[in-house]
Amino acid sequence: MNIFVAKLNYDTQEADLESSFAEFGAVDSAKIIMDKFTGRSKGFGFVEMPNDDEAQNAINALNDTEMDGRTIVVKKAEPRESRDSRGGGNRGGGFNSRY
DNA sequence: GGTGAGCGT
(Lines give C-alpha, C1' and ligand atoms only; values in the text may rest on other atoms or scores of the structure.)
Protein backbone atom coordinates (compact mmCIF):
# COMPACT_ATOMS: atom_id res chain seq x y z
CA MET A 1 0.00 0.00 0.00
CA ASN A 2 1.25 3.44 -0.84
CA ILE A 3 1.36 5.82 2.06
CA PHE A 4 1.51 9.57 1.78
CA VAL A 5 3.50 11.39 4.44
CA ALA A 6 3.35 15.16 4.69
CA LYS A 7 4.50 17.92 6.98
CA LEU A 8 7.89 16.31 7.18
CA ASN A 9 10.96 18.10 8.32
CA TYR A 10 13.05 19.45 5.48
CA ASP A 11 15.98 17.61 6.91
CA THR A 12 14.18 14.32 7.24
CA GLN A 13 15.49 11.67 4.94
CA GLU A 14 14.12 8.47 3.49
CA ALA A 15 15.92 6.32 6.03
CA ASP A 16 13.99 8.08 8.80
CA LEU A 17 10.64 7.26 7.27
CA GLU A 18 11.67 3.72 6.54
CA SER A 19 12.85 3.25 10.10
CA SER A 20 9.71 4.79 11.54
CA PHE A 21 7.42 2.67 9.43
CA ALA A 22 9.57 -0.42 9.75
CA GLU A 23 8.91 -0.63 13.47
CA PHE A 24 5.19 -1.03 12.75
CA GLY A 25 5.54 -3.37 9.82
CA ALA A 26 7.48 -4.38 6.78
CA VAL A 27 8.46 -1.43 4.63
CA ASP A 28 9.12 -2.13 1.00
CA SER A 29 10.55 1.27 0.18
CA ALA A 30 10.44 4.85 1.30
CA LYS A 31 10.94 7.96 -0.76
CA ILE A 32 11.21 11.63 0.02
CA ILE A 33 10.13 14.01 -2.69
CA MET A 34 12.90 16.43 -3.36
CA ASP A 35 13.16 19.36 -5.67
CA LYS A 36 14.79 18.64 -8.98
CA PHE A 37 16.74 21.88 -9.06
CA THR A 38 17.56 22.70 -5.48
CA GLY A 39 17.68 19.07 -4.44
CA ARG A 40 16.02 19.88 -1.16
CA SER A 41 13.16 18.00 0.40
CA LYS A 42 9.70 19.22 -0.51
CA GLY A 43 8.48 18.31 2.93
CA PHE A 44 6.54 15.21 2.03
CA GLY A 45 7.25 11.69 0.96
CA PHE A 46 5.82 8.29 0.17
CA VAL A 47 6.15 4.97 1.93
CA GLU A 48 5.32 1.71 0.24
CA MET A 49 4.40 -1.27 2.38
CA PRO A 50 3.69 -4.77 1.08
CA ASN A 51 1.25 -5.59 3.86
CA ASP A 52 -1.95 -3.56 3.81
CA ASP A 53 -2.79 -4.38 7.40
CA GLU A 54 0.54 -3.19 8.65
CA ALA A 55 0.27 -0.18 6.41
CA GLN A 56 -3.04 0.84 7.96
CA ASN A 57 -1.59 0.20 11.36
CA ALA A 58 1.42 2.35 10.58
CA ILE A 59 -0.83 5.12 9.27
CA ASN A 60 -2.95 5.07 12.39
CA ALA A 61 0.14 4.90 14.53
CA LEU A 62 2.32 7.45 12.81
CA ASN A 63 -0.43 9.80 11.74
CA ASP A 64 -0.31 13.13 13.53
CA THR A 65 2.81 12.13 15.38
CA GLU A 66 6.14 13.76 15.94
CA MET A 67 9.01 12.98 13.66
CA ASP A 68 12.35 14.74 13.90
CA GLY A 69 10.60 17.31 16.08
CA ARG A 70 7.83 18.04 13.58
CA THR A 71 4.28 16.79 13.53
CA ILE A 72 3.71 14.78 10.40
CA VAL A 73 0.59 13.74 8.56
CA VAL A 74 0.27 10.17 7.34
CA LYS A 75 -2.48 9.27 4.95
CA LYS A 76 -3.19 6.85 2.17
CA ALA A 77 -1.52 7.84 -1.07
CA GLU A 78 -3.60 8.58 -4.11
CA PRO A 79 -2.73 7.02 -7.44
CA ARG A 80 -0.73 9.70 -9.18
CA GLU A 81 -1.76 8.18 -12.47
CA SER A 82 -5.18 9.67 -11.94
CA ARG A 83 -3.91 12.75 -10.22
CA ASP A 84 -3.49 15.13 -13.10
CA SER A 85 -5.52 13.95 -16.04
CA ARG A 86 -7.77 11.05 -16.74
CA GLY A 87 -10.88 11.39 -14.64
CA GLY A 88 -11.75 7.90 -13.58
CA GLY A 89 -14.66 9.02 -11.46
CA ASN A 90 -13.78 6.68 -8.67
CA ARG A 91 -11.74 8.45 -5.99
CA GLY A 92 -10.71 7.86 -2.43
CA GLY A 93 -9.28 4.44 -2.96
CA GLY A 94 -10.32 2.61 -6.05
CA PHE A 95 -8.32 -0.41 -5.12
CA ASN A 96 -9.61 -3.82 -4.20
CA SER A 97 -11.98 -2.84 -1.48
CA ARG A 98 -12.47 -5.56 1.05
CA TYR A 99 -15.45 -3.82 2.51
C1' DG B 1 17.94 32.52 3.27
C1' DG B 2 12.98 31.74 4.62
C1' DT B 3 8.42 28.19 4.43
C1' DG B 4 4.39 24.30 6.00
C1' DA B 5 -0.50 22.79 2.52
C1' DG B 6 -0.35 18.83 0.19
C1' DC B 7 0.24 13.61 -3.57
C1' DG B 8 5.98 11.73 -6.52
C1' DT B 9 12.47 11.86 -10.14
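All values below were derived from every heavy atom in this structure, side-chain atoms included, with hydrogens, water molecules and symmetry-related copies excluded. A note on names: the letters A, B, ... follow the listed sequences, proteins ahead of strands, and every chain is numbered from 1. Treat the numbers as computed from the prediction; the structure is a model and nothing was measured.
Rounding to whole angstrom units, CD of residue A:Glu48 and C1' of B:dG8 are separated by 12 Å. Between A:Glu78 atom CD and B:dC7 atom P the separation is 7 Å, expressed in whole Å. As rounded to whole Å, 15 Å separates atom P of B:dT9 from atom CG of A:Asn2.
A:Met67 has its side chain within reach of A:Leu17: a pair of non-hydrogen atoms, C-beta onward, lies under 4.5 Å apart. Residues A:Val5 and A:Phe44 form no side-chain contact, since every pair of their non-hydrogen atoms from C-beta on lies 4.5 Å or further apart.
Within the structure, ring pair (Phe, Tyr, Trp, His ring centres under 6.0 Å) pairs that include any residue of residues 59-81 of chain A do not occur (at least two apart or interchain). Among residue pairs with one or both ends in residues 54-65 of chain A, those qualifying as side-chain hydrogen bond (donor to acceptor under 3.5 Å, both in side chains) are A:Asn51-A:Glu54; sequence neighbours excluded. Under the side-chain hydrogen bond (donor to acceptor under 3.5 Å, both in side chains) criterion, the residue pairs touching residues 5-20 of chain A are A:Asn9-A:Asp68, with sequence neighbours excluded.
Proximity of residues 5-19 of chain A to DNA chain B (heavy atom under 4.0 angstrom from any strand atom) is restricted to A:Ala6, A:Lys7, A:Leu8, A:Asn9, A:Tyr10. Within residues 55-71 of chain A, no residue has any heavy atom under 4.0 Å from DNA chain B. Contacts between residues 28-44 of chain A and DNA chain B, counted as heavy-atom distances below 4.0 Å, involve A:Lys31, A:Ile33, A:Met34, A:Lys36, A:Lys42, A:Gly43.
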With a cut-off of 3.5 Å and sequence neighbours excluded, list every side-chain donor-acceptor pair involving residues 22-35 of chain A.
from: A:Ser29; atom 1: OG; to: A:Glu48; atom 2: OE1; distance (Å): 3.4
from: A:Asp35; atom 1: OD2; to: A:Phe37; atom 2: N; distance (Å): 2.8
from: A:Asp35; atom 1: OD2; to: A:Thr38; atom 2: N; distance (Å): 2.7
from: A:Asp35; atom 1: OD2; to: A:Thr38; atom 2: OG1; distance (Å): 3.2

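Here CG of A:Asp52 is found 9.5 Å from NZ of A:Lys76. Values are rounded to the nearest 0.5 Å. A distance of 6.0 Å separates OG1 in A:Thr71 from CD in A:Glu66, rounded to the nearest 0.5 Å.
By the 4.5 Å side-chain criterion applied to Ile, Leu, Val, Met, Phe, Trp and Tyr, A:Val73 is assigned to no cluster and stands alone.
Neither A:Ile3 nor A:Phe46 shares a network with the other; the hydrophobic side chains, linked directly or stepwise wherever heavy atoms of I, L, V, M, F, W or Y lie under 4.5 Å apart, form separate groups for each.
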